[in-house]
Engineer: 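Quick one: the structure is below, questions incoming.
Lettering of chains follows the sequences in order, A, B, ..., and the numbering in each one begins at 1.
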Amino acid sequence: MPQRILLIDDDPLVLDGLMTAFRAMSQYEVFGARDGIEGLEQVETFGPDCIIVDVRMPHLDGLQFLLALRGDPRMTHIPVVILSAMQQDDDILKGNLTGADRYLIKPQRPAHLFAIIDEVMALTEADRLARMRALAEGE
Amino acid sequence: MAPTFITDDERFIYDRLELERMRRAVDLLSIQNAAVSTVMNVVLLLFSRAGVIHFLPGRQGTFEHIIYGTFLVIVGVGIGPLICRLPWFTQRVRVYSAAGFHAVFMQIMVSAIVLAYAYCVGVDGFVLILLASMINLILLAGSLFQGTGSLIISLIGLNLVEVVVLLFMPAAFGFEGFTSERVLTLILALAMSQAAVAIFYYWSSSVVRNARRVADMQIAVERARQLDELKNQFISSINHELRNPIMAAITFIDVLEATGDHLDQGERLRLLQNAQQALGRLQTLVTDTLDMSTAAQQAALQAQHVTVPVAEIVRQAAQELAPTNGVLDERALHLLIPPQFTIWGDPTMLFQIFSNLFSNAVKYSAPGTAIDVTASVRTTEKDQPMAEIRVRDYGLGIPPHHIPLLFNNFVRLPRDIASPVNGNGLGLALCRAYAQAMEGTITVESSGIEGEGSTFLLTLPVPALVAA
C-alpha cells in the first residue's frame, strides 16, 4: 500500500505543481489542502503518513496547524515537513520548536522533497526527542 | 517645532506625539500646581500666625485651612489629567479640553486667592482679579505652548502696572482707611504668590521643553522603527511573492522533464501553461519592482496636463477589470459621477489609479457587495477648487494603525501576506506617485471594521475653465 502524503499550501499554483509532481514522479498517494483547517480535516479523513505544510496561510496557518496536530495524541506521531517562503532564523526556529521534523525553504525541487519525506518517515521517536533536546539546548 | 522636511506619514506620527507631549505637560503642570499650592498654603499660614498677613478680621489661619485648601487644589488640578485619560472622544479633544479646564481652574483659584487678599486688606478686588487673571492666562498659555523668556518679561511688566494701580487706586475709588501698612502687606502677598508662580512656571516650561526634546528623540526612534518595519514587511512580502512562483515553476518543469514523453498532449500543455503562469507572476513582480524605483520621478516628468472626463475613465477601468477577473460584474458599481465632471491631469495615470483601486476593492471585499464612486468639487483654504473623487468599498477595511504606511512601496498588510490574495504592495504606492504627479493627493479613511470597508479619496485639480 502506497504511503499517503498530505500537502498543505494556500498558493494554488504551488499546490497544483506539487500534487502533479507527486503523482507523476513518486509512488506516494497524495492529498491536498489549501489551509490549516482543511488540512486538519484531511488528516482526520485520510490519516496521512507524512505532511508537508506551508506556514503563511489564511484561517489557520502552518504553525497553528502544527500545534493542533502535536496536541492530539492520535496524530502527534505523524512526521511533518514545513515548506515555507519564510527564511529568517526566527521563523525557522519557531517552526522547529513548534514540532516540525524538517524546515525547508522554498523553492525546493520535487526529487529533494521525496528524499526528505523518506528521511523523516524513517525517524524514530528517540530521534525526535534527541532533536528537540538539541534545539532546546541550542536556545 | 516640527522638522521642516517630513513626509505625510511622519506628520501623522508627529501630530500624535505633539498631543502626547501636551498631555504630559498637563500632567506635570497639575502635579506642580498641587505642590506649589501646598507650599504657598503653609507659607501663608506661617505669615498669618506671625501677624504679617491678616486674614478675616479677628481670625488667624489654622492647619485645617491648609488641609482643606490643599485637598481642594489637588482634586481640582487632578481633573485635567483625568480628562486626558477618559475613554471617550479623540485624544485631541481630550487633551485640549484638559488643558482648557486646567487653565480655567487655575484662573478661578488665583481669582479666589486674590479676592481673599483684597477682602482682608480692603482693596477693590475686581481690579486685582482682572490683573491677576491676565497674568495667569498668559502664563498658562505660555507654559503650554511657548518658551519662558517672553513670560518673565510680561510678568515683570504686569507686576509693575499692578503696583502703580495699587498705589493710586485708593484715591480713584475713594477708599477710606487705606494705610501704607496694608498696601505693603498686599504687595508682599502678591509678590510672594507671583514669585512662586513664576518659579513654578519656569520649572513647568523647562519640563515641557524637555518633553519636547524627548519627543523629538522619540520621533527619530519611531522613524527608525518604521523603516525597520518597512524593511521587514518588504522582506516578508517579497519573499512570499518571489519564492512561491519560483517553486511552482520549478516543480512543473521538473515534472515535464521527468515524465514529458509519457504525458498526453493536454496534460503537457497544462503543465507548460502553469509554469508560464508562475513565471508571469515573477515577471510582473520584477518589472513592477524595477519600475517602481523610478516611477515616481518619471511620472512627474511625463504627466500630461489635459482635461480628463472622469466618468469615462472610471468606466474604462471597470471594464478592464471585468473580463480578467470576471468579478466586477457580480458587483454593483455605483457610479455617481456627472458625465460632464472633469479633472485637469493625465488620463492614463487616472486610469491606472482607478484600476488599482477597483482591483483592490474587488480583492478585499466579498462578492456581491457594492463599490461606490462619487465625485464633487471642494474649494480649498487657498480658494482653489479641487475635485474630490471617492472610491468606497464595503470589504475588510484597513486597520487605522496600518494606514500611515499603506502608501509606501512594498507595504502589504500582515493579514494579506498570509492570504491567498496575490499582491506585491506596489499598487497604492503607484497610485500615490501618479496622484502627486498630477499635483493631487490620495488618502484613505477606514475604521478597520469588516463590512464598513474603506474610502479612498483622490483629490485632483480641476480644469482652469471650470475653476473660473
Engineer: Quick one: do Asp101(A) and Arg128(A) make a salt bridge, cutoff under 4.0 Å?
Structural biologist: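 Here Asp101(A) pairs with Arg128(A) in a salt bridge, since their nearest N and O are under 4.0 Å apart.
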
Engineer: Side chain, backbone, both or neither: which part of Ala278(B) has a heavy atom under 4.5 Å from chain A?
Structural biologist: both

Engineer: Whether Arg109(A) and Asp254(B) form a salt bridge (side-chain N of Lys/Arg under 4.0 Å from carboxylate O of Asp/Glu) is what I want to check.
Structural biologist: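 Here Asp254(B) pairs with Arg109(A) in a salt bridge, since their nearest N and O are under 4.0 Å apart.
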
Engineer: Got a salt bridge between Asp16(A) and Arg270(B), using NZ or NE/NH1/NH2 to carboxylate O under 4.0 Å?
Structural biologist: yes

Engineer: Which one wins on heavy-atom pair count under 4.5 Å against chain B: Arg23(A), Gln88(A), Gln87(A), Gln108(A)?
Structural biologist: Gln87(A)

Engineer: State plainly whether the residues Arg56(A) and Asp11(A) are in salt-bridge range, i.e. N to O under 4.0 Å.
Structural biologist: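 Answer for the salt bridge query: no.
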
Engineer: Quick check for you: among Ile246(B), Leu242(B), Ile250(B), Thr251(B), which has the greatest number of heavy-atom pairs under 4.5 Å with chain A?
Structural biologist: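 If we count pairs closer than 4.5 Å to chain A, Thr251(B) comes out on top.
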
Engineer: Between Arg390(B) and Glu445(B), is there a side-chain N and carboxylate O pair less than 4.0 Å apart?
Structural biologist: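 No, no charged N to carboxylate O under 4.0 Å.
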
Engineer: Tell me which of these, Pro110(A), Ala21(A), Ser84(A), Ala111(A), has more heavy-atom pairs under 4.5 Å with chain B than the rest.
Structural biologist: Pro110(A)

Engineer: Please classify the contact of Leu113(A) with chain B as side chain, backbone, both or neither, using a heavy-atom distance under 4.5 Å.
Structural biologist: side chain

Engineer: For each of Thr259(B), Val255(B), Asn244(B), tally heavy-atom pairs with chain A at distances under 4.5 Å, and name the one with the top tally.
Structural biologist: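 That would be Asn244(B).
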
